[in-house]
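Since the structure comes first, as structure tokens, the remarks are kept for the end.
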Amino acid sequence: METSNNNRETILRSIRANLPNVEVEHPGIRAFPRPAGGLKTLFEQRLTEAGGVAHDVRSVAEAESKLKLLHPEAKVICSAVPEIAGTRRAEKVRDGHDLADVDVGVVRAQFGVAESGAVWLTQEDLVVDALGFLSQHLVVLLDPKQIVPDMHAAYRRVRLNESAFGCFMMGPSATADVEATLVHGAQGARSLNLFFV
């Protein structure tokens, strides 16, 4: 073991001795041009391309009506938001396995990303991480003023030091095989409806 430490030190000493005497300036991250048109319009376009659907709702009552209209057969609606009660509160779920019977999960995203149609969800938003992945259908509430233009702006808003888990979610689960057959819901939510509230 001592020999490998000696070899390591010899190599590191050699590297340090041969470093160039030129200071290299950090290249910085250039500002990218904002997409043309409104952020909400671009977000909706990208979300649609990913298989999701956006809805403008003017009130909580309209959101609840839209949810019932979209999912009339839903028996278990697990909500992680105070605005929509659902039939089960996410805060009362102690084990992610208990979400296996959820027809519709309801969450609020912190922000959306116009260039991809993705939303940012953290453990605090989902309450139980599995809610975003075991629900048959997902309804996401998003304030349209919280849409950022691109991933550069999105990463400036991500605060992983404040949450144990976070993910960008874009549309329903999707997979495609080598024959290019697209299947939604293979490993997660079969549909994603986004309510601008």
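Hydrogens, waters and symmetry mates are skipped; everything else that's a heavy atom, side chains included, is used.
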- Side-chain (R89) to main-chain (G86) donor-acceptor, under 3.5 angstrom: no
- Which value, rounded to the nearest 0.5 Å, describes the distance between E49 atom CD and M170 atom CE? 9.0 Å
- Query: With a cut-off of 6.0 Å (strictly less than), are more than 12 heavy atoms of other residues, nucleotides or ligands near CG of N161?
  - Reply: yes
- Measure from the side-chain N and O atoms of T87 to the backbone N and O of I77, and report whether any donor-acceptor pair falls under 3.5 Å. yes
- Query: Quick one: does V128's side chain get under 4.5 Å of L126's, heavy atoms only?
  - Reply: no
- Message: When you measure from the side chain of Q45 to the backbone of T41, do you find a donor-acceptor pair of N or O atoms at a distance under 3.5 Å?
- Response: no
- Search all heavy atoms of A100 against all heavy atoms of L134 and return the closest pair with its distance. N-CD1, 4.3 Å
- Given side chains that start at C-beta, do those of C78 and V104 come closer than 4.5 Å, heavy atoms only? no
- Message: Are V57 and L70 linked, directly or through intermediate hydrophobic residues, by side-chain heavy-atom contacts shorter than 4.5 Å (ILVMFWY only)?
- Response: yes
- Message: Please determine whether side chain to side chain donor-acceptor pair (under 3.5 Å) holds for the pair D150 and H152, giving the CA-CA distance in whole Å, both sets of side-chain angles, and the decisive distance to 0.1 Å.
- Response: CA-CA 5 Å; D150 53 38; H152 298 281; 5.5 Å; no
- Query: Which pair of non-hydrogen atoms, one from G117 and one from L47, has the smallest distance, and what is that distance?
  - Reply: O-CD1, 3.7 Å
- Query: Got a donor-acceptor contact below 3.5 angstrom from the R159 side chain to the R156 backbone?
  - Reply: yes
- Task: For V148 and A153, work out which heavy atoms get closest and say how close.
- Result: CB-CB, 3.8 Å
- Can you check whether A189's main-chain N or O pairs, donor with acceptor, with S135's side chain at less than 3.5 Å? no
- Any link between F196 and V139 through a network of hydrophobic side chains (Ile, Leu, Val, Met, Phe, Trp, Tyr) touching at under 4.5 Å? no
- Query: Are D98 and K92 within salt-bridge range, i.e. N to O under 4.0 Å?
  - Reply: no
- Inter-residue atom distance R108.CZ - E83.CD, 0.5 Å rounding: 4.5 Å
- Item | S173 and R190: CA distance, side-chain angles, deciding distance, side chain to side chain donor-acceptor pair (under 3.5 Å) verdict | CA-CA 6 Å; S173 165; R190 295 185 304 174; over 6 Å; no
- For residues V107 and L121, determine if any side-chain heavy atom of one lies less than 4.5 Å from a side-chain heavy atom of the other. yes
- Task: Check whether any side-chain heavy atom of F165 lies under 4.5 Å from a side-chain heavy atom of L160, and answer yes or no.
- Result: no
- Task: State the CG-CD distance between L99 and Q136, to the nearest 0.5 angstrom.
- Result: 12.0 Å
- Note on the structure: Correct closest heavy-atom pair for L192 and P172 would be CB-N, 3.8 Å
- Query: Are F43 and F111 an aromatic pair by the rule of ring centers under 6.0 Å?
  - Reply: no
- When rounded to the nearest 0.5 angstrom, what is the spacing between SG in C167 and CG in D129? 8.5 Å
- Task: Calculate, to the nearest 0.5 Å, the distance between atoms CH2 and OG belonging to W120 and S163 respectively.
- Result: 7.5 Å
- Item | Pairing of E64 and K68 as salt bridge, 4.0 angstrom limit | no
- Query: Hey, does L138 have a side-chain heavy atom less than 4.5 Å from the side chain of M169?
  - Reply: yes
- Message: Pairing donors with acceptors under 3.5 angstrom, does anything connect the side chains of T10 and N7?
- Response: no
- Task: For residues V113 and A154, report the shortest heavy-atom separation together with the two atoms involved.
- Result: CG2-CB, 3.7 Å
- Side-chain heavy atoms of R88 within contact of D101, under 4.5 Å: yes
- K66 to F195, cation-pi by 6.0 Å centre distance and 45° axis angle: no
- Query: Nearest 0.5 Å, what's the CD1-CD distance between I147 and E115?
  - Reply: 13.0 Å
- Query: Hey, are N193 and H55 close enough side-chain-wise for a donor-acceptor pair under 3.5 Å?
  - Reply: yes
- Query: Quick one: are S65 and L69 in side-chain contact, heavy atoms under 4.5 Å?
  - Reply: no
- Message: Side chains of T122 and Q110, heavy atoms from C-beta outward: is any pair under 4.5 Å?
- Response: yes
